[in-house]
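The basis for the numbers below is simple: all heavy atoms, side chains too, and nothing from hydrogens, waters or symmetry mates. In what follows, chains carry the letters A, B, and so on, assigned in the order in which the sequence lines appear, proteins first and then strands, with residues in each chain numbered from 1.
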2 protein chains.
Amino acid sequence: MFVSVEHSISQLARLAGISSRTLRHYHDIGLLVPSRISSSGYRWYGRRQLLRLQRILLLRELDVPLSQMREILDGQTDELTALRRHRGELVGERDRLQQVIDTVERTIATLCGDSTVSDEEFFAGLAVGRSRLREDLADRYGAAAREHFVAAGEATAGWGRQDYQRAAAEGRHLLDEMSRARALGIAPDATEALDLVTRHHAQVLAVWPADAAAYHALGDLLLDNPDQRAMIAQVDPDLPPWLSAAIKAYAVHRLGHQPT
Amino acid sequence: MFVSVEHSISQLARLAGISSRTLRHYHDIGLLVPSRISSSGYRWYGRRQLLRLQRILLLRELDVPLSQMREILDGQTDELTALRRHRGELVGERDRLQQVIDTVERTIATLCGDSTVSDEEFFAGLAVGRSRLREDLADRYGAAAREHFVAAGEATAGWGRQDYQRAAAEGRHLLDEMSRARALGIAPDATEALDLVTRHHAQVLAVWPADAAAYHALGDLLLDNPDQRAMIAQVDPDLPPWLSAAIKAYAVHRLGHQPT
DNA sequence: GCTAGAAGTTGACGTAACGAGAAGGTCCAG
DNA sequence: CTGGACCTTCTCGTTACGTCAACTTCTAGC
């Protein structure tokens, strides 16, 4: 006795371990057309279809999109070439995921690593750092800068320890990206650099309503203030001058600052 | 002069390096609501919104889905816990991708690696293997088995070399998975094993219309035929008895075969 | 022949995270 | 007062199906 070589839709689905809805979908998009359709509209699949479905499922397991499968299966594209290209895409995606994982791990470390410092010390350190920065600004750019920092105090009033740590994590993440850009030889006034500074500017704006001149001044301050400079140099020793130049370029080109 | 602390939708978009459509989307789903909406319907965003957007974009860079962001940002879920769980998901996905890459690479190797063998040798080898298998079957199960293999010849008539190689690749891929299952201690008659055999059965059905008894017989044959056994043992030395048992269990439990 | 239940059919909507475009209202400078 | 930049809502499209809903067909039992 021979087994029937024709399968109904759910028989084929069971054989292949997929749903009949999937088979209907493949029919809809023309990827797998039944060998025969009965007068009542039932779909029937033969051995050729089973073979094709096997190839489809193999490709599906390889994460090949259905649109590409049609090209491959209909022979318009060489299977080997397609698989090689596809492999490249997969590797790229895997590497991207790895970068994301690294970033997440650094973020986690930042959020929970410094927990050995007590809350008092933590906030005291912040306050000292901030007041020093304020004095620096006041010395150099007059009382107006002092007012700016009053506003900064207001912006972060009510922040909890987590908020500061998160802000630090985000800042470090951005510095990482800038370091990569600098290492790639991107100039501080190149478009890519200014796009990164855009995000730095946004972070500064969130805590301090700096106008073009004040932001430009920040570019100098980062180099001259030892605390600030050390913090940045910790990420990348060559970053401070690059970032300083990038910030000043941004203030001029994107904020319309007129240097005196 | 203070910079305005309020931003229009496209100003904020530029600051953050995203599209205004994205901001509208975040508003629609309640992830980032503007601080103020003017009488003409314009959206206006304040510093708090800028801060929240920064957290959103950080999470977005970490591939966190928007639905989870709401939980995290609204404090229903601990940020650290969420990030740790998310890290686990990312690692899982990366590992899955790595497995897919491995499979693709093996498939490529199979498809192009044996090209040193000439076409004549390739098909001659196949013919020998097939005729031996046929004699084995005929010896043991009578002339009916011979007829089955005539049908098998018809099914593969017109196949090209690529078709055979692809079939081999698929078969090896399936054997890989079965080997993993066996190594995990899954019994040959467990549901997971039978589900894998379902796919083996489908592959066999594609080239050979075997009924329950014939498929059951194949289970024995895999063990006794040295060529077949060697091919399977090459993937995993312990696989032949496991696969043989699994095939027979499948024939009995899923195909309703009655052993005599 | 009738009927219940299994299995089939065609829509149509929902998913995630927006992009693209249409049609129309608002704002500001010259 | 008018042109152009900017804003609005609405809708469709994207991927690979899951999930109803409403209806028809097949098959087995009485």
Side-chain angles (χ1 to χ4, degrees), chain A residues 4 6-45 49 52-53 55-73 86 89-90 93 96-97 100 256, chain B residues 4 6-45 49 53 55-73 86 89-90 93 96-97 100:
Chain A
S4 162
E6 227 176 13
H7 305 284
S8 75
I9 191 167
S10 58
Q11 282 171 348
L12 182 61
R14 261 198 306 274
L15 267 178
I18 59 178
S19 75
S20 46
R21 173 71 176 90
T22 299
L23 287 173
R24 252 173 241 124
H25 180 59
Y26 290 169
H27 184 190
D28 286 347
I29 64 174
L31 182 59
L32 182 69
V33 179
S35 59
R36 190 170 71 83
I37 295 188
S38 75
S39 58
S40 58
Y42 281 31
R43 294 170 176 85
W44 294 98
Y45 296 86
Q49 281 67 45
R52 188 177 168 99
L53 179 56
R55 299 180 60 187
I56 291 171
L57 293 181
L58 178 67
L59 291 174
R60 186 175 79 158
E61 219 158 335
L62 306 184
D63 278 1
V64 176
L66 299 186
S67 53
Q68 275 186 35
M69 285 187 199
R70 267 215 305 271
E71 289 180 21
I72 297 174
L73 294 176
H86 184 58
E89 292 165 7
L90 288 171
E93 176 66 8
R96 192 190 69 86
L97 271 183
V100 171
Chain B
S4 162
E6 227 177 11
H7 306 282
S8 76
I9 190 165
S10 58
Q11 283 171 348
L12 182 60
R14 261 198 306 275
L15 268 177
I18 59 179
S19 74
S20 46
R21 173 70 177 91
T22 299
L23 287 174
R24 253 174 241 124
H25 180 60
Y26 290 169
H27 184 189
D28 286 346
I29 64 173
L31 183 58
L32 182 68
V33 179
S35 59
R36 191 170 71 82
I37 294 188
S38 76
S39 58
S40 58
Y42 282 29
R43 293 170 176 85
W44 294 98
Y45 296 87
Q49 281 67 45
L53 179 56
R55 299 181 60 187
I56 290 171
L57 293 181
L58 179 67
L59 291 174
R60 187 175 80 158
E61 219 158 334
L62 305 184
D63 278 3
V64 176
L66 299 186
S67 52
Q68 276 184 36
M69 285 188 199
R70 266 216 305 272
E71 289 180 21
I72 297 173
L73 294 176
H86 184 57
E89 292 165 7
L90 288 170
E93 176 66 9
R96 191 190 70 86
L97 270 183
V100 171

For a quick check, with a 4.0 angstrom heavy-atom cut-off, what is the B/S/- contact string for nucleotides 3-14 of chain C, read 5' to 3'? ----BSBB-B--
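In this structure, CZ of B/R36 is placed 12 Å from P of D/dT8, rounded to the nearest angstrom. Distance A/L23 CG to D/dG18 P: 10 Å, rounded to the nearest Å. We find that NE2 of B/H25 is positioned 12 Å from C1' of C/dT15, with the value rounded to whole Å. D/dC7 atom C1' lies 12 Å from atom CD1 of B/I37, rounded to whole Å. Atom NE2 in B/H7 sits about 16 Å away from atom P in D/dC6, given to the nearest Å. Distance B/L66 CG to C/dA17 P: 4 Å, rounded to the nearest Å. Atom-to-atom, CG of B/L59 to P of C/dA17 comes out at 12 Å; the value is rounded to the nearest Å. Straight-line distance from the CD atom of B/Q68 to the P atom of C/dA16: 11 Å, rounded to whole Å.
One end of the helix from C/dG1-D/dC30 to C/dG30-D/dC1 points its axis 30° away from the other end's axis, with each axis taken from 5 pairs and the angle rounded to 10°.
A distance-only check finds no donor-acceptor pair linking the side chain of A/R60 to the backbone of A/M69 [under 3.5 Å].
Side-chain contact check for A/Q68 versus A/L59: every heavy-atom pair is 4.5 Å or farther apart. Between B/L32 and B/Y45 there is a side-chain heavy-atom pair separated by less than 4.5 Å. By the 4.5 Å heavy-atom criterion applied to side chains, B/S38 and B/W44 are counted as neighbours. Residues A/L15 and A/L53 fail the side-chain proximity criterion, which asks for heavy atoms closer than 4.5 Å.
For the atom pair CD of A/Q49 and CZ of A/R36, the computed distance is 11.5 Å after rounding to the nearest 0.5 Å.
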Using the rule given for side-chain contact (heavy atoms from CB on, under 4.5 Å), can you reason through A/R43 versus A/R24, listing the C-alpha separation, both sets of side-chain angles and the distance that settles it, and then say yes or no? CA-CA 9 Å; A/R43 294 170 176 85; A/R24 252 173 241 124; 3.5 Å; yes
Start with the C-alpha gap between B/I37 and B/H27, add the side-chain angles, then the distance that decides, and say whether side-chain contact (heavy atoms from CB on, under 4.5 Å) holds. CA-CA 12 Å; B/I37 294 188; B/H27 184 189; 3.8 Å; yes
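Nucleic acid contact for A/S38: none, since no nucleic acid atom lies under 4.0 Å from a heavy atom of the residue.
Put simply, B/Y26 has no side-chain N or O that comes within less than 4.0 Å of OP1 or OP2 on C/dA17. Look at A/T22 and you won't find any side-chain N or O under 4.0 angstrom from OP1 or OP2 of D/dA16.
For A/R52, the salt bridge (Lys or Arg N to Asp or Glu O under 4.0 Å) test picks out A/D74, with sequence neighbours left out.
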